[in-house]
Protein chains: 2
Amino acid sequence: MSQHRHPGAPGRAGAVPALPDLPEATVARLPEYLRALHNLADSGHETVSSEGLSAAAGVNSAKLRKDLSHLGSYGTRGVGYDVALLIEQIEYVLGLTQRRAVALVGVGNLGHALAGYDGFASRGFRIAALLDADPSRVGEEINGLVVRHVDELPVIAVQESIAIGVIATPAAAAQRVADQLVAVGVTSILNFAPCVLSVPEGVDVRKVDLAIELQILSFHEHRKASLTALPGGLAATETQEAIGT
Amino acid sequence: MSQHRHPGAPGRAGAVPALPDLPEATVARLPEYLRALHNLADSGHETVSSEGLSAAAGVNSAKLRKDLSHLGSYGTRGVGYDVALLIEQIEYVLGLTQRRAVALVGVGNLGHALAGYDGFASRGFRIAALLDADPSRVGEEINGLVVRHVDELPVIAVQESIAIGVIATPAAAAQRVADQLVAVGVTSILNFAPCVLSVPEGVDVRKVDLAIELQILSFHEHRKASLTALPGGLAATETQEAIGT
DNA sequence: TAGATTGTTAATCGATTAACAATC
DNA sequence: TAGATTGTTAATCGATTAACAATC
């Protein structure tokens, strides 16, 4: 089935093309492929095999081909994938053809770092607003942006067409901020606060909890230690694990 | 099977007890349960049902019970789980009975924030060393710790019994740092640099990529937009998704 | 054509979930 | 005992993987 669905090409009836309904696991890996492809493009590669790309992205090649097959057929048998075309296609699917505006709420320790993080700008996003509930923080300038009060969110959301909200507040404040984001129409939230957010249907929440990541590693440390200490002394066999996203 | 395996109790033959070989998905949720349990304990609950705990942790109750069943039987039918006992048990399994020492490499923008992140200290970890390859950064004091040169790692790793390395360098430097960590015996790495690390068997790597999280949200934004724009106008139905770790 | 590599198949594996028997 | 809730079963679902036919 070699039906190229070019970026922006009409699906049927000339409407906005319906995106393929990708498996979540695939969606989570596409950004990884994209990063690897950009590296390849920067180093002058015009074409790459599934073997080559999968190695660069740290997955196995069957998985990569399966993932890409969900997007349609963009490879050439016997040759590989066109790097530029695949970049274009993945960026289209991920919705990165438009630069999405991000509102970052909470400019404490972590928020400060996020506000200055280059990776956002270079990979499809624009931090359009910094907000905080603490009046003493309002007015501070970080990276060329002035911190504004979170109550200004309704105005700012419209002015800046905020698409994604990032919560970097303490846990105690996070639910209230989430409610405020939802109230102004934000349907995608990245939550750094260590708590569960409750949001209405149709709102996507992703969570990053730094301490949890360490605790998962701690489990594996503990496990490895208990294995090596075993009577039989199994040592560190079969313990490898490069864990995905 | 109500075989309580108490924290620190011998498995067989009086050796260190072999940890249960938990499913990865379960391991990733245990920290979430632990956080919820601490909240419950703080608010005076002595007992909690699977229904109550699962709600607090944002998962369904069948999944919670299944997860906990892997640890052994720590609940009481008709009653629920003893909060304190369950905390103790999960902390034991996660290896949090000892406070693990963390070396943080790269004190740029993000590294600075991580160095000051309270969540680490309060949830079982001790940032024992701050390191950087840039001599102009060495000597700087952050949160009571002096930044040292990454080449001092061999000495520091031993002195501080470093268990986990956190990489917060630019992508270009990350592999070299990973090699250095591995060389001094670190077998658990949390990588914030946007690149794939290659490490020998027995070394666990977890990755946090902030831009990838936004790109995944971007996909869902794009998808929701394409659905509402559809001829039939399916609107935002069945798009809910509170994505786990 | 011969060699290379994709896209797909089908088997396997692991995770989720509802339902309920066991039991406090 | 009656009510509540766990721990487990079994069915289902989704993700991974090796193998290979299709095809450049």
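Labels below follow one simple rule: chain letters A, B, ... track the order of the sequence lines, proteins then strands, and each chain is numbered from 1. Owing to the predicted nature of the structure, the values given are computational and were not obtained by experimental measurement.
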Next item on the list: Could you state the atom-to-atom distance from NE2 of B:His70 to C1' of C:dG14 in whole Å?
Entry: 10 Å

Next item on the list: Please determine if a side-chain N or O atom of A:Ser50 lies less than 4.0 Å away from the OP1 or OP2 oxygen of C:dT6.
Entry: yes

Notebook entry, point to check: Around B:Asp118, counting heavy atoms of other residues, nucleotides and ligands shown, do more than 12 lie under 6.0 Å from its CG?
Noted result: no

Check: Among D:dC24, D:dT9, D:dT6, which is the nearest nucleotide to the side chain of A:Arg77?
Finding: D:dC24

Margin query: Any side-chain to backbone donor/acceptor pair from A:Lys224 onto B:Ser188? Under 3.5 Å, distance only.
Written below: no

Margin query: Less than 4.0 angstrom between a side-chain N/O of B:Arg29 and OP1 or OP2 of C:dT16, yes or no?
Written below: yes

Next item on the list: Kindly give the heavy-atom pair with the smallest separation between B:Val196 and B:Gln175, and that separation in Å.
Entry: O-OE1, 4.0 Å

Check: Which base, if any, makes a Watson-Crick or G-U wobble pair with D:dC20, both distances under 3.5 Å?
Finding: C:dG7

Notebook entry, point to check: In whole angstroms, how far is the P atom of C:dT6 from the CG atom of A:Asn60?
Noted result: 13 Å

Checklist line | Options C:dA18, C:dA15, C:dC20, nucleotide nearest the side-chain atoms of B:Ala62 | finding: C:dA18

Margin query: Judged by each residue's nearest nucleotide on DNA chain D, which is more toward the 5′ side, A:Ala25 or A:Gly78?
Written below: A:Ala25

Notebook entry, point to check: Could you give the CG-to-P distance, from B:Leu64 to C:dA15, as a whole number of Å?
Noted result: 16 Å

Notebook entry, point to check: Roughly how many Å is it from CD in B:Glu51 to C1' in D:dG3, rounded to a whole number?
Noted result: 16 Å

Next item on the list: Name the residue closer to the 5' end of DNA chain D, choosing between A:Val79 and A:Asp67 according to the nucleotide with the nearest heavy atom.
Entry: A:Asp67

Notebook entry, point to check: Which whole-number value in Å describes the distance from B:Leu30 CG to C:dA15 P?
Noted result: 13 Å

Margin query: Check whether A:Arg99 reaches the backbone of A:Phe125 with its side chain - one donor and one acceptor, N or O, closer than 3.5 Å.
Written below: yes

Check: Hey, does the side chain of B:Tyr81 come within less than 4.0 Å of D:dA4's phosphate (OP1/OP2), counting only N and O?
Finding: no

Next item on the list: Counting heavy atoms from C-beta on, name the nucleotide in D:dT16, D:dT9, C:dC24 closest to the side chain of B:Thr76.
Entry: C:dC24

Margin query: Nearest to the A:Pro23 side chain among D:dT6, C:dG7, D:dA15, which nucleotide is it?
Written below: D:dA15

Margin query: Applying the Watson-Crick and G-U wobble criteria at under 3.5 Å, what pairs with D:dC13? Answer none if nothing qualifies.
Written below: C:dG14

Note to self: How many whole angstroms separate atom NZ of B:Lys63 from atom P of D:dG7?
What the structure shows: 18 Å

Check: Where the side chain of B:Ser218 meets the backbone of A:Gly95, is there a donor-acceptor pair that is under 3.5 Å apart?
Finding: yes

